[in-house]
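Note sheet for the following structure.
For reference, positions follow the sequence shown, starting with 1.
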Amino acid sequence: RQGKQKAVLIGSPVHSNLGDHLIADNCISFIRKLGFQTVIDIPEFYYELFRKTIYLNSTDIIFIVGGGWLGNDYEDANIICQIICQWPKNKIIILPQTIYFSNSGKYNNFNEIENLLCSSKNVVLCVREKKSYATAIDVLKLPKDRVFLSPDITLFNSAYLNQNNDKNGIILSIREDRESIDKDLSSMVKKVLTELKLDYKESSTVVKNKIVPLVFRKRMINNKLKEYSKSN
C-alpha cells in the first residue's frame with residue numbers, strides 16, 4: 001500500500017476453538033491479497049485490555065474478524081460497537097459474518113447495533129449467507145451499498161487443501177458448545193455407524209489448551225486439517 005496506511009485486524013481469538021483460529025488466519029491471508037504486506041493482528045482479548053492505548057491514523061483500514069458473533073447471543077458483539085465508536089473516521093470492514101438475533105439472546109443490543117451500522121457510513125458489512133443478508137437489509141435496514149453477500153472467509157484460502165490419498169476411517173467432529181447439534185442426534189449418528197460396523201473416532205476442533213498462542217496458531221490449524229484429510 002502507498003504511504004503509511006496500515007491494515008489492522010481486530011477480534012481474532014486466543015481461546016481454544018481452532019475453527020475460529022482458521023477464520024482469523026484466513027482473514028489475514030485475504031487482507032494480504034488486497035495488497036497489504038503487513039497486517040497488525042489485535043486479538044479480541046488484547047483489544048479489551050488495551051483499547052484505550054491503541055492509536056491509529058484516520059487513513060488506516062480496520063478489518064473485523066469474520067465468524068458468527070454479530071447478534072445478541074454473545075457479548076463479543078459489543079466489541080464491534082466499541083470499535084465503530086472508537087474510530088468513526090476510519091474505514092471499517094466487517095469480514096463475513098452470521099447475524100443472529102434470538103428471543104432468548106442474553107444481550108439487549110439490537111438498537112445499538114442497528115443505529116451504529118446504519119449511521120456509520122464508513123462501515124462495510126460482509127455476511128456469509130442469505131439469511132444474514134436479509135437480516136441486514138430488512139431488519140437492520142442497512143443500505144444495500146454497504147452490505148455484501150460473500151462466502152465464508154475459510155473458503156478464500158486454498159493453502160490448506162491437502163490431497164491426501166491415505167484415507168483411514170471416519171472422523172466424527174461434533175461441537176460441544178451452545179451451537180452443538182442435539183445430543184440425541186449425535187447419539188443416533190454414532191449408533192448408525194456402529195450398526196453399519198464402520199470404524200470412527202471422535203475429534204474436536206476445541207483443543208485441551210485453554211488458549212492458543214498466536215505463534216502456534218498456524219501449526220495447530222495445519223495439524224487438525226491434516227488429521228481430517230486422512231478420513232474417508
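The aromatic rings of F36 and F63 sit perpendicular to each other, their planes meeting at more than 60°, with 30° as the lower class boundary.
In summary, of the residues considered (V39, I42, I54, I92), a side chain to side chain contact (heavy atoms under 4.5 Å, CB included) with V8 occurs for I42 alone. In summary, of the residues considered (T135, I113, T98), a side chain to side chain contact (heavy atoms under 4.5 Å, CB included) with L70 occurs for I113 alone.
By the ring pair (Phe, Tyr, Trp, His ring centres under 6.0 Å) test, F216 is found to be paired with no residue, residues two or more places apart in sequence or in another chain being considered. Residues satisfying the salt bridge (Lys or Arg N to Asp or Glu O under 4.0 Å) criterion with K89, sequence neighbours excluded, are absent altogether. By the ring pair (Phe, Tyr, Trp, His ring centres under 6.0 Å) test, Y100 is found to be paired with no residue, residues two or more places apart in sequence or in another chain being considered. Judged as a side chain to side chain contact (heavy atoms under 4.5 Å, CB included), and not counting sequence neighbours, the contacts of N72 are F101, S102, N109.
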Evaluate side chain to side chain contact (heavy atoms under 4.5 Å, CB included) for T205 paired with Y228, printing each intermediate quantity in order.
CA-CA 10 Å; T205 58; Y228 284 172; 3.3 Å; yes
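When atom types are taken as modelled, the side chain of H15 and the backbone of H21 share no donor-acceptor pair closer than 3.5 angstrom. At least one donor-acceptor pair under 3.5 Å links the side chain of N17 to the backbone N or O of G19. Here the side chain of E129 pairs a donor or acceptor atom with the backbone of K131 at under 3.5 angstrom.
One side chain, S203 or K224, offers a donor N or O that lies under 3.5 Å from an acceptor on the other. Checked by atom type, the side-chain pair D152/T154 shows a donor-acceptor distance below 3.5 Å.
A 4.5 Å side-chain heavy-atom check between I170 and S231 finds every atom pair outside the cut-off. Residues F30 and N26 fail the side-chain proximity criterion, which asks for heavy atoms closer than 4.5 Å.
Contacts classified as salt bridge (charged side-chain N to carboxylate O under 4.0 Å, His left out) and involving residues 37-57 (residues at least two apart or in different chains) are given here: D41-R217.
Across C85 and L116, no two heavy atoms sit closer than the pair SG-CD2, 3.7 Å. Residues P13 and A24 come closest through the heavy atom pair CD-CB, 3.7 Å. Residues I31 and L95 approach most closely at CD1-CD1, 4.5 Å, considering heavy atoms. Of all the heavy atoms in A77 and G71, the pair that sits closest is CB-O, 3.3 Å. The heavy-atom pair separating G66 from I23 by the smallest distance is O-CG2, 3.4 Å. Across every non-hydrogen atom of L56 and K6, the tightest pair is CD2-CE, 4.5 Å.
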Donor-acceptor list for residues 137-147 side chains, cut-off 3.5 Å, not counting sequence neighbours:
unit_1: K141; atom_1: NZ; unit_2: D138; atom_2: O; d: 2.9
unit_1: R146; atom_1: NH1; unit_2: L117; atom_2: O; d: 3.0
unit_1: R146; atom_1: NH1; unit_2: S120; atom_2: O; d: 3.0
unit_1: R146; atom_1: NH1; unit_2: V123; atom_2: O; d: 2.9
unit_1: R146; atom_1: NH2; unit_2: L117; atom_2: O; d: 3.0
unit_1: R146; atom_1: NH2; unit_2: C118; atom_2: O; d: 3.0

